[in-house]
Amino acid sequence: MNAIVTGGCGFIGSHLVDRLVEDGCNVTIIDNLSSGSLRNIEHHKNNSKVKFHNADIADNDAILPIFKDTEMVFHLAALADIVPSIEHPMRYHHSNVNGTISVLEACRRHKVHRVIYAASSSCYGIPAKYPTPENEAISPQYPYALTKYLGEEYCMHWNKVYGLNVTSLRFFNVYGPRARTSGTYGAVFGVFLAQKINGRPYTVVGDGKQTRDFTYVTDIVNACITTAYNNDCAGEIMNVGSGNTYSINRLVELLGGTVTYIPKRPGEPDCTFADTSKILRKTAWKPKVTFEEGVKIMLANMDYWRDAPLWEPGTIAKATADWFKYLGK
Ligand code: UDP
């Protein structure tokens, strides 16, 4: 089986590469290293079954030939993070929307059998219903969420018009080893682990009672693989979550340490919680890693965050100024 993983040097992508290699696939990674890192795939560097192309997915001429003789494509390459998407919306449109059309076209031209798109639960914005089903109203709150949703719409359109066998999986708060540690203020695990390493208090947003459907990365990878092998999932949109939702205070309790409080950000939901009944009904997938186990694994791998930026209330206030300015109206 020949598989392509776009964004294979990123956090989720690199775990998916590991799994595909384990399953005996030939894996081709397309990544422009804008936020991914070769460090995430260096353990495959002597494996002739893993190939790496440094290319921008939106550059269709550059990526088209790579898709020849490919059976499965996992499209994970994207720009993530909320703050830079507010500051540079066109960059996000380029990578997440133009990049997605380009990947879909390459799949169509080379008759790829199965395509999995990594969508985001951020499309629901602040949902009215918990757990949130796939048919909940779409309400992106910032350009990252909008561009990931537009990418999903393109996927469904390519399914409808060209019959491309694509499934969109809406991931909820993915965490695990190699969770990005880029320069931007991003996902909570990277922020808190760097604070723990430096003996600094955790910057808890609001009262910390807000909850997130923290989903462990290998459960996400299993969902990608299971749905890719299931033709019943073609043309479908499915949530992927942990089956539960956990407060930031609970995360702090599991990590151990002191806290300091920072203001709640506009447009932030008090809860994310996936209704996963659709994927549970359609496939044999089930989440396996509990939050307690997952956090333990993060603590055991904490060294990965040693060079990560250390965020303090003052630098967070500066980094999120545009968030408050544009979304706080
Ligand atoms: N969070 C926090 N302190 C931080 C960063 C995040 O308490 O320094 C909280 C945030 O309020 C949210 C959760 O952690 O409830 C997850 O935030 P993240 O940015 O990782 O994901 P998202 O808010 O997009 O779900």
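Just so you know, ligand 1 is whichever comes first in the structure, and atom 1 is the first atom listed for that ligand. These numbers come from a predicted model, not from an experiment. Keep in mind that the numbers below use all heavy atoms, side chains included, and drop hydrogens, waters and symmetry copies.
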**Message:** Using a 4.0 Å cutoff against the non-hydrogen atoms of Ala187, which atoms of ligand 1 qualify?
**Reply:** 20 (O)
**Fill in**
Which of Lys264, Lys209, Arg265 passes salt bridge (charged side-chain N to carboxylate O under 4.0 Å, His left out) with Asp270? It is Lys264
**Asked** Picking from Phe273, Phe172, Phe171, what satisfies side-chain contact (heavy atoms from CB on, under 4.5 Å) with Asn239?
**Response** Phe172
**Item:** From the candidates Tyr142, Tyr185, Tyr246, the one that places a heavy atom nearest atom 4 (C) of ligand 1
**Value:** Tyr185
**Prompt:** Is Phe189 in contact with ligand 1, taking contact as a heavy-atom separation below 4.0 Å?
**Reply:** no
**Pair Arg170-Glu152, salt bridge (Lys or Arg N to Asp or Glu O under 4.0 Å): steps then yes or no** = CA-CA 9 Å; Arg170 291 180 180 163; Glu152 179 181 272; 2.6 Å; yes
**Request:** From the options Val188, Val174, Leu251, select the one whose nearest heavy atom is closest to atom 1 (N) of ligand 1.
**Result:** Val188
**Request:** Any atoms of ligand 1 less than 4.0 Å from a non-hydrogen atom of Ile248? List them with their elements.
**Result:** 7 (O), 9 (C), 13 (C), 14 (O), 15 (O)
**Message:** Does only the side chain of Lys264 get under 4.0 Å from ligand 1, or the backbone, or both, or neither? Count heavy atoms.
**Reply:** neither
**Asked** Can you list the atoms of ligand 1 that are under 4.0 Å from a heavy atom of Val204?
**Response** 7 (O)
**Request:** Kindly identify the option in Asp270, Asp207, Val205 whose heavy atom sits closest to atom 7 (O) of ligand 1.
**Result:** Val205
**Prompt:** Only one of Val166, Ile57, Ile116, Ile30 clears side-chain contact (heavy atoms from CB on, under 4.5 Å) with His75; which?
**Reply:** Ile57
**Request:** Examine ligand 1 and decide if any of its atoms is less than 4.0 Å from a heavy atom belonging to Arg265.
**Result:** yes
**Prompt:** Under 4.0 Å from any heavy atom of Val191, which atoms of ligand 1 are there?
**Reply:** 8 (O)
**Message:** Under 4.0 Å from a heavy atom of Asn173: which atoms of ligand 1 are those, numbered in the order shown and with their elements?
**Reply:** 21 (O), 22 (P), 25 (O)
